[in-house]
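Everything on this sheet refers to the single structure shown next.
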Amino acid sequence: MQISNLSELLNAKVLNEGSMLSVGGFALNLQSLKPSYAFFSNDEEELKEAVKRGAFVVVSERQIIVEDKDVFYLLCEDLQKALLRLLRFLSEEKNLQFIFCDKIELEIAKIFGIQQLNANVFLDFDLIKNAKNNTFFCLDDTTYLLKLCAKYKTLCDDFFELQKNSSLFFSTFIYKGNLYKNLSLAPFYVKFFVKWLNFLENNMQKLTFDLKKFECYEIYFVNENYEITEFGKARKAFIVVFNEENFNFWKEKTKDIKGFKNALCNSLFCDYSYSKLEDLKQFKDFTYCLILLQNTQEFLELFNKKKEEENKLF
């Protein structure tokens, strides 16, 4: 990119006009910096080091002391806004596609390998800068997306036939004449799965998916001693979710399922309220119990005691 064009794009003031005409790339950190690059930072020491390492342009929202007359020094009002302008230019140049999704659609996107943005320009900079032409990105923040593109895409519902042999943990369905058999996906997630199938087909993308990347929930069957056992080898199971949205989603979708209960820590808005995880072992009247946890470490330690005791014998 021509440095004069970069300066205009960033709406930056030229503090020093260097001797070079164009830059070879862009970097936010010294590890990514190469000679001829434009370097962006508000850290004075990093800017000095970037100049020593061969940056042709340094950009900051702070006043910079000019130490090398051959280097362009650019001053912008807001570094974040300047970076967003650059990312929007790169996105248009590469014909990147942006998709607005809700939280569950975002979770399903992982199955299809669709890259997700962070709604943070400093975290998203390298993702967009290094993206190949026509790459798809998704996010649940329309305000942020519109800073990167003029118009974003959305997912649409499409018809599918859920088969009778589907269960709470496995789904079989027919979509556009294709049979998707025994996917390890609760039936009420199929709608969102089909949305992505529809979108990718309409945009002529290769259909590949990996359900191991689906991290909305985890299922643990437990025996009569509340010890985790093999999947499907016991009459009781805990379904663990990791955010309130998924908890409420499961709660709504399973409200009419006999034997399905939900539990929260110190809450009145659930079937079972507990003070500590060990209290869950006192709950008897359920087939499936939905719980909300930040992670499963403590749960696994508590309900895997049998294995721990066996390991101590050897």
Side-chain angles (χ1 to χ4, degrees), residues 1-13 22-29 32 37-42 57 59-61 74 76-158 191-209 213-215 243 245:
M1 178 184 285
Q2 295 290 313
I3 296 175
S4 58
N5 293 338
L6 176 63
S7 175
E8 183 177 351
L9 176 65
L10 302 180
N11 194 25
K13 179 181 179 182
S22 62
V23 295
F26 312 97
L28 292 187
N29 58 73
S32 302
Y37 273 29
F39 183 73
F40 299 79
S41 178
N42 284 327
V57 179
V59 185
S60 180
E61 66 184 46
L74 303 183
C76 60
E77 289 186 7
D78 187 314
L79 185 62
Q80 180 172 306
K81 289 181 180 179
L83 289 171
L84 283 168
R85 292 190 191 100
L86 176 58
L87 289 187
R88 180 159 183 156
F89 172 83
L90 295 176
S91 298
E92 292 175 355
E93 186 178 52
K94 297 181 180 185
N95 194 33
L96 303 184
Q97 305 294 313
F98 297 95
I99 312 154
F100 169 71
C101 299
D102 63 27
K103 295 290 187 184
I104 296 176
E105 291 167 351
L106 278 180
E107 292 290 344
I108 300 291
K110 297 175 184 177
I111 298 173
F112 293 94
I114 307 297
Q115 294 196 66
Q116 298 186 21
L117 296 173
N118 301 282
N120 181 312
V121 67
F122 299 103
L123 297 177
D124 292 330
F125 187 82
D126 283 340
L127 284 176
I128 292 176
K129 184 192 73 170
N130 298 328
K132 296 179 180 179
N133 291 350
N134 304 306
T135 297
F136 288 92
F137 290 97
C138 58
L139 189 64
D140 60 348
D141 185 334
T142 57
T143 301
Y144 185 79
L145 288 178
L146 288 174
K147 293 176 181 177
L148 299 173
C149 63
K151 187 177 181 180
Y152 54 79
K153 298 176 181 290
T154 56
L155 305 182
C156 299
D157 289 318
D158 205 5
K191 168 186 175 181
F192 304 96
F193 188 90
V194 167
K195 280 186 174 186
W196 275 110
L197 288 176
N198 180 42
F199 177 87
L200 293 171
E201 286 187 4
N202 288 342
N203 286 274
M204 294 177 288
Q205 298 297 303
K206 185 177 180 181
L207 289 178
T208 58
F209 57 89
K213 295 180 179 179
F214 187 52
E215 300 172 338
N243 59 61
E245 287 168 325

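Keep in mind that this is a model prediction, so the values were computed, not measured. Computed over heavy atoms, backbone and side chain alike; hydrogens, waters and symmetry mates excluded.
Within the structure, salt bridge (Lys or Arg N to Asp or Glu O under 4.0 Å) contacts touching residues 89-99 (residues at least two apart or in different chains) are R88-E92.
Partners of F209 by ring-ring contact (aromatic ring centres under 6.0 Å, His included), not counting sequence neighbours, listed by chain and number: F112, F193. The side chain to side chain contact (heavy atoms under 4.5 Å, CB included) check on L123 picks up N118, N120, with sequence neighbours excluded. Residues satisfying the salt bridge (charged side-chain N to carboxylate O under 4.0 Å, His left out) criterion with R85, sequence neighbours excluded, are absent altogether. Applying the side chain to side chain donor-acceptor pair (under 3.5 Å) test to S60 and every residue at least two apart in sequence or in another chain returns N42. The side chain to side chain contact (heavy atoms under 4.5 Å, CB included) check on E77 picks up nothing, with sequence neighbours excluded. Every residue two or more places apart in sequence or in another chain that forms a ring-ring contact (aromatic ring centres under 6.0 Å, His included) with F136 is listed here: F199. For D102, the salt bridge (charged side-chain N to carboxylate O under 4.0 Å, His left out) test picks out no residue, with sequence neighbours left out. The side chain to side chain contact (heavy atoms under 4.5 Å, CB included) test applied to T154 returns F100, Y152, not counting sequence neighbours. Legend: residues meeting side chain to side chain donor-acceptor pair (under 3.5 Å) with K103, ordered by chain and number and at least two apart, are D140. Not counting sequence neighbours, the partners of K195 by the salt bridge (charged side-chain N to carboxylate O under 4.0 Å, His left out) test are E105, D157. Not counting sequence neighbours, D124 has no partner by the salt bridge (charged side-chain N to carboxylate O under 4.0 Å, His left out) test.
Using a 4.5 Å heavy-atom cutoff, the side chains of L83 and V59 are not in contact. Residues L96 and L148 fail the side-chain proximity criterion, which asks for heavy atoms closer than 4.5 Å.
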